[in-house]
Amino acid sequence: LESLTRYTEALKDIDKALSLRNDPKLMLNRGAILLQLERPGDALAAFDKAAAAGLQHPVAFFNRGLALERLGRLDEALASYDEALLRQPDYGDAFVNRGLVLEAMQRPDEALLSYDRALAIDPAASEANANRIALLARIDRREEALAGINQTIAERPDDAMAYNNRGTMLKSMGAMDLALADFDRAIALMPDMAAVHSNRAVTLQALARYDEALAAFEHALALDPVSESTQLNKSFLLLLLGRFAEGLPLYEKRWRPAGPSGLDPAQAWKGVGQSVAGKTVLVYAEQGLGDVMQFSRYLIGLAEMGAKVVLAVRDPMARLLRALPVTLIPEDTRPKALDFHAPLLSLPLLFATTVETIPAPVPYLQAEPERVAAWRQRLGEHGFRIGVSWQGKTKGVNDPYRSFPLAALAPLAALPGVRLISLQKGEGSEQLAMLPAGMAVERLGEAFDAGFDAFIDSAAVMEACDLIVTCDTSIAHLAGALGRPTWTALRDVPDWRWLLERQDSPWYPTMTLYRQPRFEDWDSVFAAMASDLETRLAATA
């Protein structure tokens, strides 16, 4: 708040000066302050005025690129950074930001070249190096990234940031103990690096050392109280521990879209203490499809409060969600008139949710009856039918650790009368061609969920199955929202929504959770599942 006040006062001073003289440098400074005040549209207008007044300085084009980037106008941002580099070819920060834009545009090879140019200008450019390493990790060139970091450490053994970068890389490769040692070394060299304490905290959490992780987050925030990434990471730990009252406010630090254009901040819904009876409430979806399925339950609560609920969501999800008591509109639109608005994943906070008060009115999604009938006929009634999904998107933060190999389901497939039916689409489907000898998994054909509408066939097939077995992915949330009997296989330290230790899920009453006893130990998970399934089959024989 102090910095916000300072920038607001500075803006007033500059506006007063500009009223006395039209100085393009003052206009440039005005734009920079507007960026700090999170007003990129106004900042862009200021930079354009400075340029129109003849200011062609590299910093002006750099700042203009920042504004355009924050507005999501990536092509124009890239062009603006290029203009800055035309005027100052050794502008390292412009190469760094250019790389970030190219990453966002899904052009990783060009982004790497941009980071390389920044490092050629300044080999010690920590942000360029960290971005380069992170990008190499994301495009599965981890060994290459690790080799580069090792070379840096060999050349500069007292480079704290190099140890931090190597720790980050090792963490992404699952080598948590080695990562922790690197973060400790970085802190020993430079104790006040808040980001390293935050990285150390995330690693301690992955090692299930939760009290130590929480202390490390506190230390990081003592050094940098406004770090949104640290606050967000701390929220994940608090939520995992079931401390929703502390964790949900920090979860608001997550990246999320601003919603459809033209929303009035004054109309942001303040929560259950503010009546919505007879009011139109726009809720806009965010994050992944599984998140939409999980948190759409809160729309029922809004409707029960008397609200006219409008959900802005991606078009392919609309058909699956149409059983909800809401009006569905495309994600980038808004109703002609509204009284309140809120992001979908803020609803748990706005409803003051605790673990004990999680609403779970399952089933709150429904499969289409005619599709269920068609799939029942196609699958037949013989055997014990298990719909299976084993892999989430490989670009997910927790992958590959939340996904399990299809072959791990072999103990279930070996039980008499059991039929495994694949619900997997896209990535991971190639494993169907590499099954162990004697293991069979039924495929549903190329037409399965091949249309525009997401998960329509998946929902119907689930209704035609006796059980769903899945990893932590969208299929788990769909099965739970449909109220289907579901067994979800979880990694040792799972995503926060699955909490710790318990076998049940307060989000999904028909779900049973099977947890790894240790990192990457899927054998124990599926041995336990096979034993429970064998007991269940014997009881119904």
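Computed from a prediction, not measured in an experiment: that's the story for all the values here.
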Separation between CG (Leu44) and CG (Leu66), nearest 0.5 Å, reads 11.0 Å
Rounded to the nearest 0.5 Å, the CD1 atom of Ile139 sits from the CG atom of Asp109 at a distance of 6.0 Å
Beyond-backbone contact of Met161 with Arg156, side-chain heavy atoms, under 4.5 angstrom
no
Q: Tell me, with the steps shown, if Phe455 and Met293 meet side-chain contact (heavy atoms from CB on, under 4.5 Å).
A: CA-CA 11 Å; Phe455 297 106; Met293 287 185 271; 3.9 Å; yes
Smallest heavy-atom separation, Trp390 atom then Gly428 atom, equals NE1-O, 3.1 Å
**Prompt:** Under 30°, 30 to 60°, or over 60°: which ring-plane class applies to Trp496 and Phe244, parallel, tilted or perpendicular?
**Reply:** perpendicular
Asp315 meets the salt bridge (Lys or Arg N to Asp or Glu O under 4.0 Å) criterion, sequence neighbours left out, with none
Problem set entry | Contact check, side chains of Thr470 and Leu423, non-hydrogen atoms, under 4.5 Å | no
On a heavy-atom basis, the closest approach of Leu207 and Leu180 is CD1-CD2, 4.0 Å
Value for OH (Tyr163) from OG1 (Thr168), rounded to nearest 0.5 Å, stands at 14.5 Å
Salt-bridged, Arg254 to Glu286, with N to O below 4.0 Å? yes
Query raised in the report: Within 45 degrees of the axis of the six-membered ring of Phe183 and under 6.0 Å from its centre: does Arg200 put its NZ or CZ there?
Result: no
Exercise. Begin with the C-alpha distance, continue with both residues' side-chain angles, and end with the deciding distance and a verdict on side-chain contact (heavy atoms from CB on, under 4.5 Å) for Glu76 and Leu71.
Key: CA-CA 10 Å; Glu76 295 171 82; Leu71 290 167; over 6 Å; no
Residues Ser389, Gln424; criterion side chain to side chain donor-acceptor pair (under 3.5 Å); working and verdict: CA-CA 5 Å; Ser389 176; Gln424 191 73 31; 3.2 Å; yes
Can you confirm whether the side chains of Arg243 and Ser235 place a donor and an acceptor under 3.5 Å from each other?
no
Rounding to 0.5 Å, atoms CG (Asp457) and NZ (Lys425) come to a distance of 8.5 Å
Practice item. Indicate yes or no: does Arg497 engage Asp291 in a salt bridge with an N to O separation below 4.0 Å. Key: yes
Would you indicate whether the side-chain heavy atoms of Leu320 and Leu478 approach each other to under 4.5 Å?
yes
query = Would you call Arg107 and Glu103 a salt bridge, using N to O less than 4.0 angstrom?
reply = no
All heavy atoms of Tyr115 vs all of Leu100, minimum pair found to be OH-N, 3.2 Å
Do the non-hydrogen side-chain atoms of Asp159 and Thr152 ever get within less than 4.5 Å of each other?
yes
When every non-hydrogen atom of His197 is compared with those of Pro191, the smallest separation belongs to NE2-O, 2.8 Å
Check whether Arg314 reaches the backbone of Pro316 with its side chain - one donor and one acceptor, N or O, closer than 3.5 Å. no
Passes side chain to side chain donor-acceptor pair (under 3.5 Å), Asn199 versus Asn164? Steps please.
CA-CA 8 Å; Asn199 287 337; Asn164 176 67; 2.8 Å; yes
- Message: Taking Lys234 first and then Glu218, would you say they form a salt bridge - that is, a charged N and a carboxylate O separated by under 4.0 Å?
- Response: yes
Applied to residues 169-180, the salt bridge (Lys or Arg N to Asp or Glu O under 4.0 Å) test, sequence neighbours excluded, yields none
Find out whether Met190 and Met193 are in side-chain contact, i.e. whether some heavy atom of one side chain is under 4.5 Å from a heavy atom of the other.
yes
Open item on the list: One pair to check against side-chain contact (heavy atoms from CB on, under 4.5 Å): Leu263 and Leu282. What are the steps and the verdict?
Closed with: CA-CA 10 Å; Leu263 295 179; Leu282 169 67; 3.8 Å; yes
**Message:** Test side chain to side chain donor-acceptor pair (under 3.5 Å) on Gln391 and Thr473; report intermediate values, then the result.
**Reply:** CA-CA 7 Å; Gln391 182 171 310; Thr473 190; over 6 Å; no
| Is the centre of the Tyr81 ring less than 6.0 Å from the centre of the Phe62 ring? | yes
| message | Would you call the rings of Tyr298 and Phe351 parallel, tilted or perpendicular, taking 30° and 60° as the class edges? | response | tilted
Determine whether the aromatic ring centres of Phe519 and Tyr401 lie less than 6.0 Å apart.
yes
Scanning both residues in full, the closest heavy-atom pair of Ala194 with Asp224 reads CB-CB, 3.6 Å
* **Beyond-backbone contact of Asp332 with Pro260, side-chain heavy atoms, under 4.5 angstrom** => no
Distance col, row Arg166:CZ vs Ile149:CD1, nearest 0.5 angstrom, shows 8.0 Å
Validation row: Leu338, Val281 side chains within 4.5 angstrom (heavy atoms)
no
Looking only at heavy atoms, the pair that brings Tyr251 and Gln287 closest together is OH-NE2, 3.6 Å
(Q) With a 4.5 Å cut-off on side-chain heavy atoms, are Asp472 and Pro494 touching? (A) no
Value for CG (Leu237) from CD (Gln205), rounded to nearest 0.5 Å, stands at 4.5 Å
Salt bridge (Lys or Arg N to Asp or Glu O under 4.0 Å) filter on Asp192, not counting sequence neighbours, yields none
- Please lay out, stage by stage, how Arg73 and Ser80 fare under the test side chain to side chain donor-acceptor pair (under 3.5 Å). CA-CA 11 Å; Arg73 292 160 60 177; Ser80 198; over 6 Å; no
